[in-house]
Amino acid sequence: AFATYQAEHGAPYALLHCVGVFAEQPLLSTDAATWRHLLASNLDSAFHVIQAVVPAMVAAGRPGRVVLFAAAGVDKDRGMLRAPAYFAAKAAVVQLARSLALETATAGVTVNVVAPGLIDHPHSHRDSQRRMLPRVPAGRLGSTGDIVAAVGYLLSPAAAYVTGQVLTVDGGLQA
């Protein structure tokens, strides 16, 4: 699909990767199939789209942006009980982004991560959000608009010197 796009339009200015499934279950009750599915949808998919698209962005010789999605808190030095397999995959996405940022910086392609907290959207895990909302100092769930604004900044010229960073959008969520 990307080869067709590139033949018609050239290298893109930006790549956003925001897919990935979520599973809230303890690590010791996570079966191997669930583990593989979480890694494939959250981490492997990011790797494959990066491999397909970013070389063309670098070769284009102009500024570009890569924005990957993780989850609030995965870049911190602590365990994550709520969904450890999911958070492990998202922590790997952060490391992938930081490494890629080093590889692409000289070409003017920035690579950053948006790490949402509790966001109200049609696929929200409502029980989990209700349970965790008291730990959000902002006192509300985030909106998709909050995430769009963060992505908009990272795609803008104002973020040309920002690379290898995690922008957490979580209303101050306390671990």
Side-chain angles (χ1 to χ4, degrees), residues 1-6 9-24 27 30 32-119 142 146-170 173 175:
F2 178 67
T4 301
Y5 173 90
Q6 187 178 12
H9 306 285
Y13 169 73
L15 167 64
L16 276 72
H17 179 272
C18 55
V19 301
V21 297
F22 177 82
E24 184 173 342
L27 188 61
T30 300
T34 301
W35 173 262
R36 282 299 328 139
H37 183 62
L38 286 166
L39 286 177
S41 70
N42 288 285
L43 179 59
D44 294 354
S45 64
F47 171 77
H48 292 301
V49 75
I50 286 166
Q51 291 287 82
V53 177
V54 174
M57 293 172 70
V58 169
R62 58 179 164 70
R65 305 285 185 266
V66 176
V67 178
L68 307 178
F69 276 69
V74 300
D75 60 327
K76 307 298 183 220
D77 189 20
R78 67 172 194 267
M80 308 285 281
L81 279 175
R82 195 168 119 244
Y86 169 80
F87 290 127
K90 290 302 191 181
V93 168
V94 169
Q95 183 56 44
L96 187 73
R98 287 180 172 154
S99 297
L100 183 62
L102 298 176
E103 289 185 38
T104 62
T106 57
V109 176
T110 65
V111 183
N112 292 290
V113 176
V114 172
L118 305 176
I119 305 299
D146 295 323
I147 301 305
V148 169
V151 171
Y153 165 68
L154 291 174
L155 294 178
S156 76
Y161 199 58
V162 178
T163 195
Q165 301 304 307
V166 176
L167 178 53
T168 302
V169 183
D170 70 356
L173 178 66

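Each residue takes its place number in the sequence, starting with 1.
Atom NE2 of His48 is separated from atom CG of Leu43 by 9.0 Å, given to the nearest 0.5 angstrom. Considering NZ of Lys90 and CG of Asp75, their distance stands at 13.0 Å, rounded to 0.5 Å. Between atom CZ of residue Phe87 and atom CZ of residue Arg78 there is a gap of 9.0 Å, rounded to the nearest 0.5 Å. With rounding to the nearest 0.5 angstrom, the NE2 atom of His37 is 12.5 Å from the OG1 atom of Thr30. Atom-to-atom distance recorded for Leu16:CG and Leu155:CG is 5.5 Å, nearest 0.5 angstrom.
Among all heavy-atom pairs drawn from Val109 and Arg65, the shortest one is CG1-N, 4.4 Å. Across all non-hydrogen atoms, the minimal contact from Met57 to Tyr13 is CE-O, 3.3 Å. Here the shortest heavy-atom pairing between Pro116 and Ala70 reads CD-O, 3.5 Å. Shown here for Ala72 and Gly117, the closest heavy-atom pair between the two residues is CB-CA, 3.7 Å. For the pair Phe69 and Val113, the tightest heavy-atom approach, listed with the atom from each and the gap, is C-CG1, 4.3 Å. Between Asn42 and Gly20 the shortest heavy-atom distance is OD1-CA, 3.1 Å.
Residues Asp44 and Arg36 have side chains in contact (heavy-atom distance under 4.5 Å, counting atoms from C-beta outward). Residues Thr110 and Leu154 form no side-chain contact, since every pair of their non-hydrogen atoms from C-beta on lies 4.5 Å or further apart. In this structure the side chain of Val169 reaches within 4.5 angstrom of the side chain of Val114, judged on heavy atoms. You'll find the side chain of Val53 stays beyond 4.5 Å of the side chain of Val66, heavy atoms only. Using a 4.5 Å heavy-atom threshold, the side chains of Val58 and Val54 count as touching.
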Give the intermediate values and the outcome of side chain to side chain contact (heavy atoms under 4.5 Å, CB included) for residues Leu96 and His17.
CA-CA 12 Å; Leu96 187 73; His17 179 272; over 6 Å; no
Should Ile50 and Leu68 be marked as a side chain to side chain contact (heavy atoms under 4.5 Å, CB included) after you check the CA-CA gap, both sets of side-chain angles, and the distance that decides it?
CA-CA 10 Å; Ile50 286 166; Leu68 307 178; 4.0 Å; yes
Could you walk me through whether Phe22 and Arg82 pass the side chain to side chain contact (heavy atoms under 4.5 Å, CB included) test, one step at a time?
CA-CA 11 Å; Phe22 177 82; Arg82 195 168 119 244; 3.6 Å; yes
Test Tyr86 against Glu24 for side chain to side chain contact (heavy atoms under 4.5 Å, CB included), laying out the working first.
CA-CA 8 Å; Tyr86 169 80; Glu24 184 173 342; over 6 Å; no
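Between Tyr5 and Phe2, the ring planes are parallel. Angles under 30° get that label, and only those over 60° would be called perpendicular.
Listed by chain and residue number, nothing satisfies the salt bridge (Lys or Arg N to Asp or Glu O under 4.0 Å) test with Glu103 (two or more places apart in sequence, or in another chain). The side-chain contact (heavy atoms from CB on, under 4.5 Å) search around Ala88 returns Trp35, not counting sequence neighbours.
Checking side-chain atoms of Gln165 against main-chain N and O of Thr163 turns up a donor-acceptor pair under 3.5 Å. Between the side chain of Asn112 and the backbone N or O of Gly164 there is at least one donor-acceptor pair closer than 3.5 Å. Put simply, the side chain of Ser156 gets close to the backbone of Ala158: a donor and an acceptor are under 3.5 Å apart.
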